[in-house]
Amino acid sequence: MAVGIILLLTSCAQTTLNTATPVSAVVDVCIENATAADVLAHSRSTFKEGSASYLDSDVFRQLRSTALDHGYRNDQPNTFTVNFARKGSKRAEVTMATDPHFTHVVLSNEVALANGHGSFRLGNFVPRHTYYYKVTDGKHLLASGAIQTTGQLRMIRIDNSWNIRDLGGWKGWGGNAVRYEWIYRGGSLGGQDMNHQTYFLPTADIDELHRLGIRAHLDLRAEPGQGAWPTDEKINAYTLGYTPLRDAEFANITTDFALYDATANTAAVDDVAWVIQQVRKGNPVYFHCRTGADRTGVVGMTLLTLLGCDEQPSASGGNQVAIDYELTSLGMDEQGTIAYNTTGIHPYYYSNRYANTIATSSYNYFRTLRSLQPDNIALTDMQQRSYYYLNRFFLDNDVPGASRASISKEDLDWFINFMLGITDHSGQLLPGHTTRFVGPEWGVVRMEDKR
């Protein structure tokens, strides 16, 4: 391919550009793998009792079962592979930036060449961004080009974890899109299980988490004997307290599966409050349980409903919060455990978390919020119910053993406006916006806080 040719590609398959000679290329890459893109395009799933899940459709089943045959994992995004070559070169530097002058570098990696040939896979792109890359051996330009990303769903590739995705991209209050790069949800980042088997992320995965900018880490698991766990029950999950992100703020707040009871003092309020506080401090945050399904799903549901995503239909006409939870099944097996892990990949099995009885408690939590009508306050939609739950529920109601767990109206209003791109981090309106979200008048501004 001659220097200076512009190459335009549009694909939701894995993309590889052969650049044996230097190339100026612009490649349009859909970051959504084919299975995930199909769910987003066709799922009309909702939280209504007895509603069917798109994951039971024949089209989904076929895509899911043949994913690895087509070079991708169902729970990971499409990537972009750059191939390069130069006779006599042994090492090369791959650099990616968000501007053509490489002022804002977002990745820099050294790659070994074998017999003068090498390759590098770029990924974990933010949708609707342009990235510029170049490969040099110190003296020569081996490859160059640009990547324009399309798609909505931002899954994250961490090879030794699973079910990781950015909470951004969904439509919230006023039709505004949730910001990317601030809140990540997913599976375990390692540690020791109850059988004392250790599992730690390799350095490359940890480096990628750092590259993503994650500065806060919330583990939603508790030890046996706490909350809903019988004292003699062994849990098949990595124990709390371990984080590979040693320079990030770390917390373990919830009491495990009691998280599912929206009327219990040990439910999601403190966890969601911590996420909001970290974002306000300027720390992108990652929260997870073991598989990134149910406990993680409860916190994700609460955040999305707080941002008004329940009221905005998906592009396919389904419920956005239901579909986000449905996507969790792309990383599960039939027993509700991890389909992709260090002990083997099981691509032909999956657990429909949407329909599976394992997930009943997660949906009961959501339905509890949907039925909230306390204190003679007219809660008109799920956004207000989530707002009330976080701001006033334990403050105003006689819940046995309840603390005053809550988060202020000021923090909630700031979070909604910032995460929907209405204001910047300082709270100033951004260009193109004239109206900011103002929380309901019954919201409590200041209160005792025992988080």
Side-chain angles (χ1 to χ4, degrees), residues 12 31-65 67 72-77 151-156 162-172 178 183-187 260 288-289 291-305 307 309-340 347 349-367 369-370 382:
C12 276
I31 66 170
E32 296 166 358
N33 70 58
T35 310
D38 184 70
V39 173
L40 290 177
H42 299 104
S43 176
R44 299 178 63 87
S45 298
T46 70
F47 282 113
K48 294 179 180 178
E49 294 283 354
S51 62
S53 169
Y54 182 72
L55 304 190
D56 292 324
S57 71
D58 290 339
V59 173
F60 169 79
R61 288 174 183 272
Q62 178 66 21
L63 287 168
R64 182 252 306 168
S65 66
Y72 67 91
R73 267 173 47 173
N74 285 315
D75 66 333
Q76 291 188 342
Q152 171 201 318
L153 178 64
R154 188 187 183 211
M155 289 177 162
I156 300 297
W162 44 84
N163 201 18
I164 302 176
R165 56 187 181 271
D166 191 322
L167 215 62
W170 300 105
K171 290 183 296 183
V178 179
I183 303 177
Y184 300 86
R185 41 90 64 236
Y260 296 144
H288 69 94
C289 49
T291 62
D294 302 316
R295 287 163 286 186
T296 299
V298 164
V299 175
M301 288 176 189
T302 308
L303 288 164
L304 289 176
T305 55
L307 294 172
C309 298
D310 183 76
E311 284 71 52
Q312 297 286 336
S314 71
S316 60
N319 181 289
Q320 292 186 115
V321 183
I323 293 172
D324 177 74
Y325 188 73
E326 201 171 40
L327 289 165
T328 290
S329 295
L330 275 60
M332 302 289 106
D333 69 16
E334 293 286 7
Q335 286 70 47
T337 55
I338 303 155
Y340 306 103
Y349 302 96
Y350 88 112
S351 171
N352 186 346
R353 309 299 286 191
Y354 186 91
N356 198 306
T357 55
I358 295 174
T360 299
S361 50
S362 300
Y363 282 117
N364 284 343
Y365 166 88
F366 192 86
R367 289 167 184 144
L369 294 189
R370 192 179 287 281
M382 277 299 290

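Between the Glu326 side chain and the Ser45 main chain, no donor and acceptor come within less than 3.5 Å of each other. Formation of a donor-acceptor pair under 3.5 Å by the Asp166 side chain with backbone atoms of Arg154 is not found in this model. Of the possible donor and acceptor atoms, none in the side chain of Asp75 sits under 3.5 Å from a partner among the backbone N and O of Trp162. Side chain of Arg73 to main chain of Ala67: no donor-acceptor pair is present (N/O by atom type, distance under 3.5 Å, no hydrogens or angles).
Rounding to the nearest 0.5 angstrom, the gap separating the CG atom in Asn33 from the CG atom in Leu63 is 9.0 Å. To the nearest 0.5 Å, atom OG of residue Ser316 and atom NE2 of residue His42 are 8.5 Å apart. Going from atom OG1 of Thr296 over to atom OH of Tyr325 covers 9.5 Å, rounded to the nearest 0.5 Å. With rounding to the nearest 0.5 Å, the separation of CG in Leu55 from CD1 in Ile323 is 10.0 Å. Atom CG of residue Leu330 and atom CE of residue Met155 lie 5.0 Å apart, to the nearest 0.5 angstrom. Taken from CZ in Arg185 to CG in Leu167, the straight-line distance is 7.5 Å, to the nearest 0.5 Å.
In this structure, Asp38 has no salt bridge (charged side-chain N to carboxylate O under 4.0 Å, His left out) partners at least two apart in sequence or on a different chain. Contacts of Gln320 classified as side chain to side chain contact (heavy atoms under 4.5 Å, CB included), with partners at least two apart in sequence or in another chain: Trp170, Lys171, Cys309, Gln312, Ser314. With sequence neighbours excluded, the residues that form a ring-ring contact (aromatic ring centres under 6.0 Å, His included) with Phe366 are Phe47.
Each of Ile183, Val321, Val299 was compared with Leu304 under the side-chain contact (heavy atoms from CB on, under 4.5 Å) criterion, and only Val321 meets it.
Under the 4.5 Å side-chain criterion, counting only non-hydrogen atoms from C-beta, Asp294 is not in contact with Val298. Within the 4.5 Å cutoff, side-chain heavy atoms of Thr328 are placed close to those of Arg165. Between Leu327 and Leu40 the shortest side-chain heavy-atom distance falls below 4.5 Å. Taking the side chain as every heavy atom from C-beta outward, Ile164 and Gln76 never approach each other to under 4.5 Å.
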> Which is it for Asp310 and Arg370 under the side chain to side chain contact (heavy atoms under 4.5 Å, CB included) test, yes or no, and what are the steps along the way?
Replying inline: CA-CA 10 Å; Asp310 183 76; Arg370 192 179 287 281; 3.3 Å; yes
